Amino acid sequence: MIYRTDYHIHTTFSDGRSAPDDYITAASAAGLSEIGFSEHLSLFKEKQEWCMNPDNVSSYTGYIENLKKNVCGITVRTGLEVDFINGKEQEIGTFLDKLNLDYRIGSVHYLGEKTVDLGPEFYEGKNIDKLYESYFEQVMAAADSRLFDIIGHCDLIRIYGFRPATDPEPHYRKLAECLKKNNVAFELNTNGRNRPIADFYPDRRYLHIFCEEKVPVCVNSDAHFPARVGQYFDEAYNLLRDTGFTEMAVFEGRNRKMVSF
Ligand SMILES: [Zn+2]
Ligand SMILES: [Zn+2]
């Protein structure tokens with residue numbers, strides 16, 4: 001069996017539609033070797049319905065730890081998808097250090113007080129080149145913070161298809177170098193196929209840059225309901241193979257090892 005993992009899953013603990021158990025059933029049916037849960041956690045922002053209440057984090061991790069002990073045939077991992085907030089690195093670190101996680105996904109959803117993925121209105125009338133620049137800057141700051149093991153959907157700013165006037169390739173080059181320097185993995189996030197951009201994150205045209213820089217990769221679905229666990233994974237792994245990747249990152253207790261695929 002080919003070893004496959006899916007580390008980016010949202011359940012009813014944040015904005016997903018089903019309980020973790022249902023995703024495990026789906027992951028087993030999809031032939032995955034590991035499933036990891038990664039609820040949204042956004043500290044220092046107004047409470048949002050898509051995020052878990054920070055007070056519920058320990059009941060969430062407790063629930064997943066219990067599943068780990070009782071589920072057979074598939075390895076269960078505990079993670080979080082944490083919003084990176086510039087200037088709050090220390091506080092986020094203090095909060096996360098108390099938790100026993102297999103990995104931390106660091107994601108940028110906010111530019112300032114607004115999220116980039118809750119509607120195209122955010123982009124209207126704005127300078128898209130500047131938005132790209134700010135977004136990549138935030139993602140690099142997330143990597144530089146060394147708080148995270150994996151950077152989530154590193155070019156989410158593409159979501160609604162607003163294109164910059166200038167070639168964005170230098171952003172990808174700088175980002176890949178930054179990830180490598182900080183020893184942080186990135187994900188090939190297949191959920192972009194379900195969004196207006198209808199493509200994976202990051203943009204497949206620049207995937208070779210991450211390969212050249214030898215940045216560790218994971219393939220993740222970012223599923224918000226069970227039917228999307230492992231979605232488009234054949235295509236994603238083929239794309240990685242065609243690009244030159246031969247192995248992927250697997251996490252346990254925040255230790256990374258590389259597994260061939
Ligand atoms: Zn996200
Ligand atoms: Zn997510």
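Note that the structure is predicted; figures quoted are calculated from it, not measured. In each ligand, atom 1 is the first atom listed, and ligand 1 is the first ligand listed.
- For the Zn ion (ligand 1), the neighbouring protein N/O/S atoms at less than 2.8 Å, given as residue and atom, are Glu81 OE2, His109 NE2, His153 NE2.
- The backbone N or O of Ser145 sits nowhere less than 3.5 Å from a side-chain atom of Glu89 that would complete a donor-acceptor pair.
- Side-chain atoms of Asp203 and Tyr172 include no donor-acceptor pair closer than 3.5 Å.
- Between Asp102 and the options Arg254, Lys257, Lys68, a salt bridge (charged side-chain N to carboxylate O under 4.0 Å, His left out) holds for only Lys68.
- Backbone or side-chain N, O or S atoms of His10 reach the Zn ion (ligand 2) at under 2.8 Å.
- For the pair Thr11 (side chain) and Phe13 (backbone), a donor-acceptor distance under 3.5 Å is present.
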For this session: Please report the C-alpha distance between Asp199 and Arg158 in whole Å, then the side-chain angles of each, then the deciding distance to 0.1 Å, and finally whether the salt bridge (Lys or Arg N to Asp or Glu O under 4.0 Å) criterion is met.
Result: CA-CA 9 Å; Asp199 192 15; Arg158 288 165 55 238; 3.2 Å; yes
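- Partner His8 forms a side chain to side chain donor-acceptor pair (under 3.5 Å) with one of Asp222, Thr190, Asn220 and no other, that one being Asp222.
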